[in-house]
2 protein chains.
Amino acid sequence: MTAIPARAWQVVLDAVERDLLDGRLSPGDHLPPERTLAADLGVGRSSVREALRVLEVLGLIRTAVGSGPSAGAIIVARPGGGMSALMRLQVAAQGFAVADVVKTRLVLEGSIVAELASGTGVIDLTASEQILTAMESQPLTEAEFLALDTQFHLSLAQASGNQVITATMAGLRSAIEGYARAGAAHLASWPATSARLMLEHRGILTAILAGQADAARLAVHAHISGYYAETHLASASTTTASPTTR
Amino acid sequence: MTAIPARAWQVVLDAVERDLLDGRLSPGDHLPPERTLAADLGVGRSSVREALRVLEVLGLIRTAVGSGPSAGAIIVARPGGGMSALMRLQVAAQGFAVADVVKTRLVLEGSIVAELASGTGVIDLTASEQILTAMESQPLTEAEFLALDTQFHLSLAQASGNQVITATMAGLRSAIEGYARAGAAHLASWPATSARLMLEHRGILTAILAGQADAARLAVHAHISGYYAETHLASASTTTASPTTR
DNA sequence: TGTAACCTGTGGTCAGACCACACAAGAAAG
DNA sequence: CTTTCTTGTGTGGTCTGACCACAGGTTACA
């Protein structure tokens, strides 16, 4: 069929993918041991390991040494880690511009809060509430604050129930985490900025609970682009087609 | 520092990432040969290869055998392939629900066409035009049609200039490509559906060129969710909180 | 001068070995 | 009989060494 002989590790990757699609493998299942997999597919164990490493980084499997039910390679399908690694490295390698990452956050988070605000069903925002309360209850260092900030934004995505958007947002966030942290040092007054950010968080949550979709979207928009404008890191302006990409 | 000794392949991954962040590596540069990398980092060559395999799948490097300037591992930073692999496998492993993928497409593509429509600068849509013309010029098989359909949607993302959204869309699209193809077989009349899809494409493009952001967003929304509703694959309803996720 | 043969460095792959680890089954002690 | 310890076994993690295919450059030859 194909004149090009597939590379050995690709054979393994394809076999696993086919097993997943055909239902022979499901989340929670164990992959065969590496040595068995190698023998079954007619490739070397190192090739199997290369494929498993890819699956691990992509968040499809988790590996553990030892023996027993918890050992071996297990299908987990946690997209967050893989998305983070991918976006972090692409930003590092200049495949992704930071400005584009911020703009994508605006799009995704804006539609998330708008959907949450206009959602008909019961929506659980207690997790977001708790994170906000934790942020406000005591003074935090910049790193602690940013960690909770990440959790807050992520909790909104999780409340929407969309796993794709949640994972993508987690990836985007982690990709520019270093920039956000570095930018905090450029601020004129960290206490002033953090106080403002907390107020904006409250405003976002209030708009969602009040069912004001447009207000929530605008609040998120101002929140995100405001911080990045203040830290001089990305010109995430509101609607203008930014020239930074080109 | 860390009581947990990092795994060997992660040492390599971290080293490459640090080199990227510090500017010691840039797109177009060669990575050191595997054997050199192994010796420099004090790990075995197989561990280096596992890391390089990850970087390759993630779209960060391209490898070639032989000698000369084109051989070896070269930084390329092409996010598309990695994003596609990640999303395809996550859908296969049920980490991503197809309904969520479709909903994310709605969000991203909706905001893309809205931004294109309201864009102040000159926007080049000739590529999208040409693809549409190619689709309309002759009868196509389902596979050919879907391939051009993918190209059309992707060309819009590329016109927006946002590399993150473009790559994400490419990944989402490829993740459900199999479902789209399988769904085409369930249609009552493929010629009728394809004709409708082409008309909708024209409508989207017209709305963009006319500067009607909301109309373009609605047209894209109807276009995408309509096809998936028709193929009974995903209940990508307009605004209702879908219960399919849980 | 042109061509052909050779050499070198690269990734691709495999085989084998050893280690650390976690669990299970059996043996030993109470 | 119960508890505790020892041993065995299977797993991933890693390294080493070897060989191959390939692409380019280099050299020798016509």
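Every chain is numbered from 1 and lettered A, B, ... according to where its sequence line falls, protein lines coming before strand lines.
Nearest-nucleotide assignment on DNA chain D puts the 5′-proximal partner with A/A73, out of A/A73 and A/S46. Between A/A71 and B/P33, the one whose closest nucleotide on DNA chain C sits nearer the 5' end is B/P33. When each of A/G66 and A/G42 is assigned the nucleotide of DNA chain C with its nearest heavy atom, A/G42 is the one assigned upstream, toward the 5' end.
Regarding A/R45, its CZ atom lies at a distance of 7 Å from the P atom of D/dG12, rounded to whole Å. When the P atom of C/dC14 is taken as reference, atom CD of B/E34 falls 14 Å away, rounded to whole Å. Between the CG atom of A/L55 and the P atom of D/dG12 there is a distance of 13 Å, rounded to whole Å. Distance A/H30 NE2 to D/dG12 P: 9 Å, rounded to the nearest Å. When rounded to the nearest whole Å, the span between CD1 of A/I61 and C1' of D/dT11 equals 13 Å. To the nearest angstrom, C1' of C/dG12 lies 11 Å from CD of B/E56. If you take CZ of A/R7 and P of C/dT10, they are 17 Å apart, rounded to a whole angstrom. Between the CD1 atom of A/I74 and the P atom of C/dA22 there is a distance of 14 Å, given to the nearest Å.
In the set D/dG24, D/dT14, C/dG12, the nucleotide with an atom closest to the side chain of B/W9 is D/dT14. You'll find that the side chain of B/S47 is closest to D/dC15, out of C/dT10, C/dC23, D/dC15. Across D/dG13, D/dG24, C/dT10, the shortest atom-to-atom separation from the side chain of A/R49 is found for D/dG13.
Distance check, rounded to the nearest 0.5 Å: OG of B/S70 to CZ of B/R62 gives 6.5 Å. For the atom pair CG of B/L146 and CE of B/M135, the computed distance is 8.0 Å after rounding to the nearest 0.5 Å.
Residue contacts for B/R53: at a heavy-atom cut-off of 4.0 Å it reaches the sugar-phosphate backbone alone, with no base atom in range. B/A38 comes within 4.0 angstrom of nothing in the nucleic acid, heavy atoms only.
In this model, the phosphate group of C/dA22 is not approached by any side-chain N or O of A/S70 to a distance below 4.0 Å at OP1 or OP2.
Annotation for B/R78: atom CZ does not count as buried by contact number, only 12 or fewer foreign heavy atoms lying within 6.0 Å. Dense packing is recorded around CZ of A/R45, with more than 12 heavy atoms of other residues, nucleotides or ligands lying under 6.0 Å away.
Residues B/A97 and A/V164 approach most closely at O-CG2, 4.5 Å, considering heavy atoms.
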